[in-house]
Amino acid sequence: MALNLAQKKEVVAELANVAATAHSMVASEYAGLTVSQLTELRKKARQDGVFIRVAKNTLVSRAVEGTDYACVKDTLTGPLLYAFSKEDPGAAGRLIKEFAKANDKLKPMLVAVGGKAYPGTHVDVLASLPTREQALTMLVSLLAQPATMLVRVLAEPAVQVARVINQVGQKQAA
């Protein structure tokens, strides 16, 4: 179904709004997927905070102008499904990677993060990024580790004295 000019402007405005706030983008070939498979993908995307849209490449090229994703304008070819991570930088990569395992028709073609475009093989790298909660947990453990080591070092002389007293007591008892 062809879009009229007003509908095209609406699509470009929506994609531009999403691209301006998104953390990462994954463009994938989706030819051969059934409607039920695409519906399942959209459902998972909503749960993971990923915006998914199938749109003409010319409309996407206009939408990403002036954003970090302007670097992909010249590489958009063929029918593509666009996934934008809205909350977590690796969410789109994880979604596409996980869904592509079960559906070989979905092929990541392009990954864009931080104003740079990468080939579709980098979806694994994007998917391996930690979530916000995982990153905070790693940070807290790194911050707590020196304090834990300090407590152990300060407690060690007392532990050694207790061991010596215990050994002296055992020798005297024998």
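The basis for the numbers below is simple: all heavy atoms, side chains too, and nothing from hydrogens, waters or symmetry mates.
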Compare every heavy atom of [Y] with every heavy atom of [X], then report the nearest pair and how far apart it is.
X: Q37; Y: G32; value: OE1-O, 4.3 Å
X: A83; Y: A92; value: O-CB, 3.8 Å
X: A117; Y: C71; value: N-SG, 3.6 Å

With heavy-atom distances below 4.5 Å as the criterion, would you say the side chains of [X] and [Y] are in contact?
X: Y82; Y: N57; answer: yes
X: L41; Y: N103; answer: no
X: R42; Y: V54; answer: yes
X: L15; Y: F84; answer: yes

Working for side-chain contact (heavy atoms from CB on, under 4.5 Å), residues T21 and K86: CA-CA 7 Å; T21 59; K86 295 190 292 185; 5.6 Å; no
Test salt bridge (charged side-chain N to carboxylate O under 4.0 Å, His left out) applied to E14 - qualifying residues, sequence neighbours left out: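 Salt bridge (charged side-chain N to carboxylate O under 4.0 Å, His left out) list for E14, sorted by chain: R53.
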[X] side, atom [atom1]; [Y] side, atom [atom2] - distance, nearest 0.5 Å:
X: T77; Y: M109; atom1: OG1; atom2: CE; result: 6.5 Å
X: L38; Y: L81; atom1: CG; atom2: CG; result: 7.0 Å
X: R163; Y: E156; atom1: CZ; atom2: CD; result: 5.5 Å
X: L126; Y: K97; atom1: CG; atom2: NZ; result: 10.0 Å
X: E98; Y: K44; atom1: CD; atom2: NZ; result: 5.0 Å

Audit row: E40, F99, side-chain contact (heavy atoms from CB on, under 4.5 Å) steps and yes/no: CA-CA 9 Å; E40 180 185 339; F99 198 80; 4.1 Å; yes
From L110, L80, L106, residue fulfilling side chain to side chain contact (heavy atoms under 4.5 Å, CB included) relative to E29: L80
Residues I96, V111; criterion side-chain contact (heavy atoms from CB on, under 4.5 Å); working and verdict: CA-CA 11 Å; I96 298 297; V111 174; over 6 Å; no
Test item: S85 side-chain N/O and G90 main-chain N/O as donor-acceptor pair under 3.5 Å: no
Check: V164 main-chain N/O paired with Q167 side-chain donor or acceptor under 3.5 Å: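 No, Q167 side chain to V164 backbone: no donor-acceptor pair under 3.5 Å.
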